[in-house]
Amino acid sequence: MVFDKKGTTTTVFQENIELSAFLENLNNAYSKIENDHLIINLFSFSKLSAGDVLEFLELSNTHRGANKSFVLVTNKVSYDDVPEEIVVVPTLQEARDIIEMEEIERDLGI
């Protein structure tokens, strides 16, 4: 698992691993990154479904409940295919933009 930290945002990604193992590793390493906004890069997964993305829902809810951003990045699943409680975008730049917008909303108390 690779962590790329820039400021208060950490991008997490990993190559050549099954989704279940990735999610287990992410949960095990969560205490190291729980205070950062998280971008979870899922581009290394050649097959991904809306059901696979929902596997991240509990972790997303926990993280967002702590007033931190949690964004999944994949172009294989549309944000229309998952509940609005989980944020899915097709590019890393859009993930950074979402985090920036959410930080502004938190600062404004929205």
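Along the sequence shown, residues are numbered consecutively beginning with 1.
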Peer 1: Report whether I86 and V12 are members of the same hydrophobic cluster (ILVMFWY, side-chain heavy atoms less than 4.5 Å apart, transitive linking).
Peer 2: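 Shared cluster, yes.
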Peer 1: Do any N or O atoms from the side chain of T11 and from the backbone of I39 form a donor-acceptor pair under 3.5 angstrom?
Peer 2: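 Here the side-chain-to-backbone pair does not exist.
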Peer 1: First locate atom OG of S20, then atom CG of L23, and finally report the distance between them rounded to the nearest 0.5 Å.
Peer 2: 8.0 Å
Peer 1: Could you state the interatomic distance from CE (M101) to CD1 (I98), rounded to the nearest 0.5 Å?
Peer 2: 4.0 Å
Peer 1: Check whether L54 and V73 end up in the same hydrophobic cluster, where Ile, Leu, Val, Met, Phe, Trp and Tyr are linked by side-chain heavy atoms less than 4.5 Å apart.
Peer 2: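 No, no single cluster joins them.
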Peer 1: Kindly compute the distance separating CG (N27) from CD (E58), expressed to the nearest 0.5 Å.
Peer 2: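 Going from the CG atom of N27 to the CD atom of E58 covers 7.5 Å.
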Peer 1: Would F43 and L48 count as a side-chain contact (heavy atoms from CB on, under 4.5 Å) if you check the C-alpha gap in whole Å, the side-chain angles of each, and the deciding distance to 0.1 Å?
Peer 2: CA-CA 9 Å; F43 281 129; L48 206 61; over 6 Å; no
Peer 1: Would a single hydrophobic cluster contain both F70 and L42, if residues Ile, Leu, Val, Met, Phe, Trp and Tyr are joined by side-chain heavy-atom contacts under 4.5 Å?
Peer 2: yes
Peer 1: Indicate if L72 and V77 have the same hydrophobic cluster label, given that clusters are the connected sets of ILVMFWY residues with side-chain heavy-atom separations under 4.5 angstrom.
Peer 2: yes
Peer 1: Measure across H63 and S69 and return the closest heavy-atom pair with its distance rounded to 0.1 Å.
Peer 2: CD2-O, 3.1 Å
Peer 1: When you compare the side chain of I33 with that of L26, does any pair of heavy atoms fall below 4.5 Å?
Peer 2: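 With C-beta onward as the side chain, the pair touches.
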Peer 1: State whether the number of non-hydrogen atoms from other residues, nucleotides or ligands found under 6.0 Å of E105 atom CD is greater than 12.
Peer 2: yes
Peer 1: Do the side chains of T9 and R96 get nearer than 4.5 Å, heavy atoms only?
Peer 2: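 A side-chain contact is absent here, since even the closest heavy-atom pair is not under 4.5 Å.
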Peer 1: What's the spacing between I99 CD1 and L38 CG if we round to 0.5 Å?
Peer 2: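 Separation between the atoms: 7.5 Å.
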Peer 1: Locate the shortest heavy-atom distance separating D4 from F13; write the atom from each residue and the value.
Peer 2: CB-CE2, 4.3 Å
Peer 1: Pick one: which of K68, K6, K5 meets salt bridge (charged side-chain N to carboxylate O under 4.0 Å, His left out) with D36?
Peer 2: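 So the option named by the test is K5.
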Peer 1: Looking at R64 and V87, what are the two nearest heavy atoms and their distance?
Peer 2: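 What the structure gives for the nearest pair is NH1-CG2, 3.7 Å.
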Peer 1: Within a radius of less than 6.0 Å around CD of E34, do more than 12 heavy atoms belonging to other residues, nucleotides or ligands occur?
Peer 2: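 Enclosed: over 12 neighbouring heavy atoms sit under 6.0 Å from CD of E34.
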Peer 1: Would you find a donor on one side and an acceptor on the other, under 3.5 Å apart, between the side chain of D107 and the backbone of I104?
Peer 2: no
Peer 1: For a quick check under 3.5 Å, do H37 and E103 share a side-chain donor-acceptor pair by atom type?
Peer 2: yes
Peer 1: Counting only heavy atoms not in Q93, do more than 12 sit closer than 6.0 Å to its CD atom?
Peer 2: yes
Peer 1: Give, for atom CZ of F22 and atom CG of N41, the distance between the pair rounded to the nearest 0.5 Å.
Peer 2: 8.0 Å
Peer 1: Which distance, rounded to the nearest 0.5 Å, do you find between the OG1 of T91 and the CG of N75?
Peer 2: 9.5 Å
Peer 1: Are Y30 and I17 joined in one hydrophobic group, where the rule is that I, L, V, M, F, W and Y side chains link up if heavy atoms are under 4.5 Å apart?
Peer 2: yes
Peer 1: Is Y79 atom OH crowded by more than 12 heavy atoms from other residues, nucleotides or ligands, each under 6.0 Å away?
Peer 2: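 Atom OH in Y79 is not crowded, with 12 or fewer foreign heavy atoms closer than 6.0 Å.
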